[in-house]
Amino acid sequence: MSTRQGILAALEAAGGPVSGAELATRLGVTRAAVWKHIGALKKAGYEIAGEKAVGYRLVSSPAALTETTIRARLGGARIGRRVVVLDVTGSTNSDAMALGRDGEPEGTVVIAEEQTAGRGRLGRTWESRRGLNLYASILLRPPIEPWKAPQLSLVAGVAVAEAVRAEGVDARIKWPNDVVTLKGGEGGGLRKLAGILTEIEAEADRASFVVVGIGVNLNAEASHFPAELADKATSLRIEGGRTVDRAAFTARLLDRFDDVEGAWRRGGFAAVAERWRALSVLQGRTVAVDAPGESFRGACCGIDDDGALLVDTGSGAPRRVLAGDVTISGGYDPCHP
Ligand code: BT5
């Protein structure tokens, strides 16, 4: 943590005034250095009141995402050890892939205020309007066989859903890579709050690096979505009715990801499967599966410990789906594995 981040973290933790002398002692710098850093933080958009006898008090943080605003709130040391915040970029996933090729260590996160070529799976577009939401890509170097990389989308789904739920919004996961809310309760339609795109660069039997891209709609209003997403997309603001502190949300999400991904790395997908299942929206529903080379319907029986979706088509053992798109096509259906 830099001195500047340290000052910010101390002011945030105090919630009230902290004297310049105390900040200087805690951070091992002179009072003049504290004064200089306070000046720089003010320039960066922080409102900091300086009261003579009592010290400095943080009044408000800037609305823009910055490395300082995010890192000052991070608990974990691994994910977010470096945070690169860009104003505008094509796709943060492309940027993180490029860093991966250049030998960047894992844990670096690329974030942008706006993406001009934000992407989903299979060449689809991710709407990435400026200044409202979160577009983040995490670079990882897990020592895994390439086929396991899609499990990281499931891992990220748990982290996103848990971070959203901490904001009081009932988020669920839709296999493989959507975080959704249920419009009108269990029987209603789904609205997409977040999407995840995991990309990999690999040798034949080992991943070189993996990039987990996460897009979360935070402060978008209904009018910000294009017409074709009007009844498919939602945001934390729409669901919760208040503006989300994007830096605080980002830090919470990265900490959750640190936790879930750490468990996955130590114990495989089996170690996080229960957390995933508790959040799944497909369990017991009739679903239509559109997988590479095959389409079918059946009752969703959950996922196995590799992260494959299990679908009971009524003939023999449930089918294992490793990749594809799933839509809910009916009500609840008992599963007969
Ligand atoms: C995804 O793909 O859901 C993965 C989205 C990943 C986005 C992040 S942002 C940071 C990083 N950088 C990138 O370039 N990408 C990642 P998929 O399952 O294919 O869903 C795409 C579909 O979701 C689109 O075809 C639309 O129907 C819908 N969609 C697009 N933008 C949306 C948005 N902002 N909110 C909700 N739904 C959206």
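Order of listing sets the numbers, starting from 1, for every ligand and every atom in it. Values below: all heavy atoms of this structure, side chains included; hydrogens, waters and symmetry mates excluded.
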Charged N-O contact under 4.0 Å between [X] and [Y]:
X      : Y      : value
Glu106 : Arg265 : yes
Glu294 : Arg319 : yes
Asp231 : Lys183 : no
Arg277 : Asp305 : yes
Arg246 : Glu113 : yes

Do side-chain atoms of [X] reach the backbone of [Y] as a donor and acceptor pair under 3.5 angstrom?
X      : Y      : answer
Asn219 : Asn133 : no
Arg71  : Gly80  : yes
Arg275 : Val155 : no

* So, is Asp325 polar-close to ligand 1, with some N/O to N/O distance under 3.5 Å? ->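 By distance alone, the answer is no.
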N/O of Tyr135 under 3.5 Å from N/O of ligand 1, yes or no? no
Enumerate the atoms of ligand 1 whose separation from the nearest heavy atom of [X] is less than 4.0 angstrom.
X      : value
Arg119 : 5 (C), 6 (C), 7 (C), 13 (C), 14 (O), 15 (N), 16 (C)
Ile196 : 3 (O), 4 (C), 5 (C)
Gly118 : 14 (O)
Ser137 : 11 (C)
Asn177 : 1 (C), 2 (O), 3 (O), 4 (C), 18 (O)
Thr125 : 24 (C), 30 (C), 31 (N)
Thr92  : 10 (C), 11 (C), 12 (N)
Ala233 : 35 (N), 36 (C)

key: Proximity flag Asn217 to ligand 1, non-hydrogen atoms under 4.0 Å   = yes
Measure [X] to ligand 1 on non-hydrogen atoms and call it side chain, backbone, both or neither using the 4.0 Å cut-off.
X      : value
Glu228 : neither
Leu229 : side chain
Ala136 : backbone
Arg124 : side chain

**Prompt:** For atom 14 (O) of ligand 1, which candidate among Gly195, Ser91, Ala96 provides the closest heavy atom?
**Reply:**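 The option holding the nearest heavy atom is Ser91.
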query = Which option, Gly120, Gly123, Ser235, Pro226, owns the non-hydrogen atom nearest atom 2 (O) of ligand 1?
reply =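 The nearest heavy atom belongs to Gly120.
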Starting from [Y], can I reach [X] by hopping between I/L/V/M/F/W/Y residues whose side chains sit under 4.5 Å apart?
X      : Y      : value
Leu99  : Phe257 : no
Leu282 : Ile173 : yes
Val85  : Val110 : no

Please report which non-hydrogen protein atom sits nearest to [atom], along with the residue it belongs to and the distance in Å to one decimal place.
atom                    : value
atom 12 (N) of ligand 1 : Gln115 OE1, 2.9 Å
atom 22 (C) of ligand 1 : Lys192 NZ, 4.0 Å
atom 31 (N) of ligand 1 : Glu127 N, 3.0 Å
atom 8 (C) of ligand 1  : Gly215 N, 3.6 Å
atom 38 (C) of ligand 1 : Trp126 CZ3, 3.4 Å

Fill in: Residues Thr198, Gln151; criterion side-chain contact (heavy atoms from CB on, under 4.5 Å); working and verdict
CA-CA 9 Å; Thr198 297; Gln151 292 176 4; over 6 Å; no
Quick one: do the Thr234 and Glu239 side chains pair a donor with an acceptor below 3.5 Å?
->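 Glu239 and Thr234 do have a side-chain donor-acceptor pair below 3.5 Å.
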